[in-house]
Amino acid sequence: MENKAKGFTYVKTPFNYISYYKDGKWDEGVLREEDTLTISATSTSLHYGQQAFEGLKAYRRKDGNINLFRVLDNAKRFQDSCERLMMPKVALDVFVEAVKKTVLANHEFVPPYGTNATLYVRPFIIGVGNNLGLRPAKEYIFSVIVSPVESYFDGPLKPVDMITSDIDRAAPHGTGHVKVGGNYAASLYPQVLAREKGFADTIFLDPRTHTKIEEVGAANFFAITNQKAYITPKSPSILNSITNRTLRYIARHMLILDVEETDIFIDKLDHIAEAGACGTAALVTPIATITHNDHVHQFKCHKEMGPITKQLYDTIVGIQVGDIPDPSNWITILKP
Ligand code: PLP
Ligand code: COI
């Protein structure tokens, strides 16, 4: 078995799943080979951004089987996104089955154990059909595509540099808490500027006061304080990251650290020893510096991943690939 991943890019896989919603109900859903879609040019997803997506990974175990990680939590968050954007919910069991079927059909593309590469699973829903006025579509497509991937940032172990943005990705009572394309479209401009300047990604600040760290363009933000507490921003406009929830569990129950969701002020970072970005794609990526208004803040652990971040990283990866016992019913084992 070889690793077919090429960085974090789409490598065509043999099968994807597709299901149509019409006349008030979802059809059976099938696996198919073609990975293009033909939709009406007046689809709400094209004009009004009526769509949502998820991201999770399938991991090769040492015994050759495959682990899905917290797929039910992705299914639940997908329902939240659908509800916010007035799209029909996909039943939790239908979502989970669609993911299982798609991963199993493409099992040869799940990279080998021990390579750090995984199969990225991207379920998504789009409003389709003929529309012109601004209203929810009457027809939808739910699909699951997969691709082998490597790490999203340069790392995953190497600390990266980030820069704050004075442009927001989400409004205070907007859609920041759900996984919808509009948030990402809004983050592209500052992200490209950040990358042009050599930064790995943007740090978004709270949209109301621009004084507190919210999250990273493609991940949540967390930090380890000098007192060895795990802290992460508390805000209604950030994505409720499943990786962050997992790290909080590991920190609290396995590493026996204090865990706090709290305000993290951008001009008061001296109490932080280790900082990082966490997410399905980003995994656990240490942050070396944050540039804000031309001031560069260098975290104490900036040369390499800090010791607590390393423990968190080793534990989450160990659970995901099945080397560490699953502490909370997070793993679904698939046998190809
Ligand atoms: N925040 C944003 C903006 C993201 O795109 C992601 C990635 O999904 C995350 C956070 C992390 O969420 P999760 O850990 O559920 O992948
Ligand atoms: C993920 O981590 O699953 C994401 O959706 C982030 C994306 C920008 C690649």
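Both counts, for ligands and for their atoms, begin at 1 and track the order of listing.
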Practice task
Decide whether the shortest distance between a heavy atom of R245 and an atom of ligand 1 is less than 4.0 Å.
Solution key: no
Exercise for the section: Return yes if a side-chain donor-acceptor contact under 3.5 Å exists between T246 and R70, otherwise no. Expected result: yes
Handout entry: Salt bridge flag under 4.0 Å for residues D80 and R84
Key = no
Practice task
List the closest protein heavy-atom neighbour of atom 1 (C) of ligand 2: residue, atom name, distance to the nearest 0.1 Å.
Solution key: Y120 OH, 3.3 Å
Practice task
Report yes if R169 has an N/O atom closer than 3.5 Å to an N/O atom of ligand 1; otherwise report no.
Solution key: no
Handout entry: Exercise: do N130 and S40 side chains pair donor with acceptor under 3.5 Å
Key = yes
Exercise for the section: Please examine the side chains of N67 and I333, heavy atoms only from C-beta on, and report whether any two atoms are closer than 4.5 Å. Expected result: yes
Practice task
Give a yes-or-no answer on whether the side chains of Q50 and Y140 include a donor-acceptor pair shorter than 3.5 Å.
Solution key: yes
Completion exercise
R77 heavy atoms within 4.0 Å reach ligand 1 at atoms 12 (O), 13 (P), 15 (O)
Problem - Protein contact to atom 1 (N) of ligand 1 [nearest heavy atom, distance to 0.1 Å] - result: E215 OE1, 2.7 Å
Exercise for the section: Please write down residue, atom name and distance for the protein heavy atom closest to atom 2 (O) of ligand 2. Expected result: A281 N, 2.8 Å
Practice task
Report yes or no: do D27 and S19 form a side-chain donor-acceptor pair below 3.5 Å?
Solution key: yes
Exercise for the section: Please indicate whether any nitrogen or oxygen in A281 is less than 3.5 Å from any nitrogen or oxygen in ligand 1. Expected result: no
Problem - Nearest-neighbour protein heavy atom for atom 8 (C) of ligand 2, which is reported as residue plus atom name and distance - result: A218 CB, 3.7 Å
Exercise for the section: Measure the distance from atom 7 (C) of ligand 1 to every protein heavy atom, then report the residue, atom name and distance (to 0.1 Å) of the closest one. Expected result: K179 NZ, 3.4 Å
Practice task
Would you check whether G217 reaches within less than 4.0 Å of ligand 1, judged by its heavy atoms?
Solution key: yes
Handout entry: Distance-only donor-acceptor check, side chains S237 and S235, under 3.5 Å
Key = yes
Practice task
Run the salt-bridge test on R169 and E215 with the 4.0 Å N-O cut-off and return the result as yes or no.
Solution key: yes
Practice task
Please write down residue, atom name and distance for the protein heavy atom closest to atom 6 (C) of ligand 1.
Solution key: A218 O, 3.6 Å
Problem - Charged tip of K22 within 45° of Y20 ring normal and under 6.0 Å - result: no
Handout entry: Numbered atoms of ligand 1 (with element) below 4.0 Å of Y184, judged on heavy atoms
Key = 2 (C), 3 (C), 4 (C), 5 (O)
Problem - Residues D35 and Y10: side-chain donor-acceptor under 3.5 angstrom - result: yes
Exercise for the section: Would you mind telling me if ligand 2 is within reach of the side chain of K57, the backbone, both or neither, using heavy atoms under 4.0 Å? Expected result: neither
Completion exercise
of all protein heavy atoms, closest to atom 7 (C) of ligand 2 is R122 NH2, 4.0 Å
Fill in the blank from the handout: Among non-hydrogen protein atoms, atom 16 (O) of ligand 1 lies closest to T280 OG1, 2.5 Å
Exercise for the section: Look only at interatomic distance and state if S241 has a nitrogen or oxygen under 3.5 Å from any nitrogen or oxygen of ligand 1. Expected result: yes
Practice task
Could you see which bit of K179 sits under 4.0 Å from ligand 2, with heavy atoms only: side chain, backbone, both or neither?
Solution key: side chain
Practice task
Report yes if some heavy atom in the side chain of D73 is under 4.5 Å from a heavy atom in the side chain of R245; otherwise report no.
Solution key: yes
